[in-house]
There are 2 protein chains.
Amino acid sequence: MEAEPQRLPGTPPSGKRAISREQNRRQILDAARRVFAEHGYGATTVRHIIRATPLASGTFYNYFKSKEEVFQAIRDETALSMRPALREARSKAGTREEFVAATFGSFFANVGGSAGEAAARRRNDAPHVRVDTPEIVAGFAELGEDVRTAMERGLLPPVDADFLTAAMVGIAFEIAEMMQKQTPPDPEAATRFATALFLGGIAKLPAG
Amino acid sequence: MEAEPQRLPGTPPSGKRAISREQNRRQILDAARRVFAEHGYGATTVRHIIRATPLASGTFYNYFKSKEEVFQAIRDETALSMRPALREARSKAGTREEFVAATFGSFFANVGGSAGEAAARRRNDAPHVRVDTPEIVAGFAELGEDVRTAMERGLLPPVDADFLTAAMVGIAFEIAEMMQKQTPPDPEAATRFATALFLGGIAKLPAG
DNA sequence: AGCAAAATTGACGGTGCGTCACCATTCGCT
DNA sequence: AGCGAATGGTGACGCACCGTCAATTTTGCT
């Protein structure tokens, strides 16, 4: 004689089911983070990830299609947490220098912050591959968009936005890698260098 | 009196033996080039390479330790053939602009020239992995060295050579990638952009 | 309680890896 | 030439991982 809640067949699940699903997903994601950090992207296998979890191998594929997809998920997650701060810093920028420095600065700071990445990078297998690890790549998803906005605001000159974004990304990546080879990594110096180079260069660009 | 140890260990092989060895090595190298170009680095397996060859699987390992090692060999080979032209262009450079333009120009021209690379790039598997394919990366092997020399010659200002090289490589890579997304790719425009950016930036760098 | 949908499990066939015992060819020497 | 030794090719072997799937357990709902 209890009044049970009624549910139609297509209704989204509630309670235990959803919680369990979320927990499993989290477990896989966290394990993947650890394993990627430990062995690098190339060396880790789907098996490694699930072994770092109480789940069975088949379960992995209920949540992700491949190790690439977990990686993407981790990246997206990190990007999501990083995005607001980065965007805010850039949108608050009143000068061109602030815009550029905010971008490079937060990037190098984040790279330097994640200690495991350097080790993972070093242990990487491929010849000279550059993997955009989640922590590193996160903030770039919307850089191009912000660059265009900055151009409209007059913060940046009207040059080829694609090339400009590409150059910014390239400088950031390669200098970050170089920075990590140094002991100790000096994000401030890297930021100063990249910012000065980029600011000086922008001024000389042909209008695009 | 019979059954003496016959040959000294250090004697170099001559004739047929050496020829066969060289032929096999070439066959593997050429097959690897084709397969890498066809399927991209990530997707090709050692088996793919040897199947594109009349040799047996075990034979591969008499010549190379892994697919990475073949890749390195291809890269070295390509670098060797590319080096003279690039070095000459850079050593001939009388002005800073010539030095920078020569580097970017030959890079973008080479990238644009190898049509198969773009396809391979697109077919790449990893999340956002950038593989420095042999044809592309070749010219960069000694860029750092040339940068240092240019600084000594006074062509470039005395800033942090590692960072400067890294920035140059980063700009070149990322802009090349962007360039290849455009139709048709315009190496001259890319060169103009990269050169202007870099030249303008150098002037503003803090002495390192 | 009882049934259906959802989710988990681990075994399975398929494939690539790197090794190794076997065998053929070539080498150095008489 | 002829012979024993060394070099080098061969492909089957054992191992690991992949992605799937039928069987089983768990959950949601009446």
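Chain letters run A, B, ... following the sequence lines, proteins first, then strands; residues in each count from 1. Values reported hereafter were calculated over all heavy atoms of this structure, with side chains retained and with hydrogens, waters and symmetry mates removed.
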Any side-chain N or O of A:Asn24 less than 4.0 Å from the OP1 or OP2 oxygen of C:dT8? yes

I'd like a table of atom pairs between the protein and nucleotides 14-17 of chain D - only N or O on both sides, under 3.5 Å - with the distance next to each one.
unit_1: D:dC17; atom_1: OP2; unit_2: A:Arg51; atom_2: NH2; d: 2.6

Using modelled atom types and a 3.5 Å cut-off, is there a donor and acceptor pairing between side-chain atoms of B:Arg34 and backbone atoms of B:Ala52? yes

What is the separation between atom CZ on B:Arg25 and atom P on D:dG9, rounded to the nearest whole Å? 13 Å

Return whichever of A:Ser20 or B:Arg21 has its heavy-atom-nearest nucleotide of DNA chain D closer to the 5' end. B:Arg21

d(CD1, B:Ile49; P, C:dG16) in whole Å: 12 Å

When the distance from CD of A:Gln27 to P of C:dA7 is rounded to whole Å, what number comes out? 16 Å

Go through residues 57-66 of chain A and report each residue with a non-hydrogen atom lying under 4.0 Å from DNA chain C, sorted by number. A:Ser57, A:Gly58, A:Thr59, A:Asn62, A:Tyr63

The reported gap from OG1 in B:Thr45 to NE2 in B:His39 (rounded to nearest 0.5 angstrom) is 8.5 Å

For the atom pair CZ (A:Phe71) and CG (A:Asp76), what is the distance rounded to the nearest 0.5 Å? 10.5 Å

Note: A:Arg47 and A:Tyr61 closest approach over all heavy atoms is NH1-OH, 4.0 Å

Distance in angstrom units between A:Ile50 CD1 and C:dT9 P, rounded: 10 Å

Which residue is it: A:Ile28, A:Val46, A:Ile49? I am looking for the one with a side-chain contact (heavy atoms from CB on, under 4.5 Å) to A:Phe64. A:Ile28

Would you call A:Arg87-A:Glu145 a salt bridge at under 4.0 Å N-O? yes

Take atom CD1 of B:Ile28 and atom C1' of D:dG8, then tell me their distance rounded to the nearest Å. 12 Å

Between atom CZ in A:Arg17 and atom C1' in C:dT8, what is the gap in whole Å? 10 Å

Looking at A:Phe193 versus A:Phe104, is the centre-to-centre ring distance below 6.0 Å? no

Examine distances only and state if a side-chain atom of A:Ser91 and a backbone atom of A:Glu88 form a donor-acceptor pair shorter than 3.5 Å. yes

Grab the CD-P distance between B:Gln23 and D:dG9 for me, whole Å please. 11 Å

If you round to the nearest 0.5 Å, how far is CZ of A:Arg51 from CZ of A:Phe60? 13.0 Å

Atom pair distance, as rounded to whole Å: CG in A:Leu55 and P in D:dT25: 18 Å

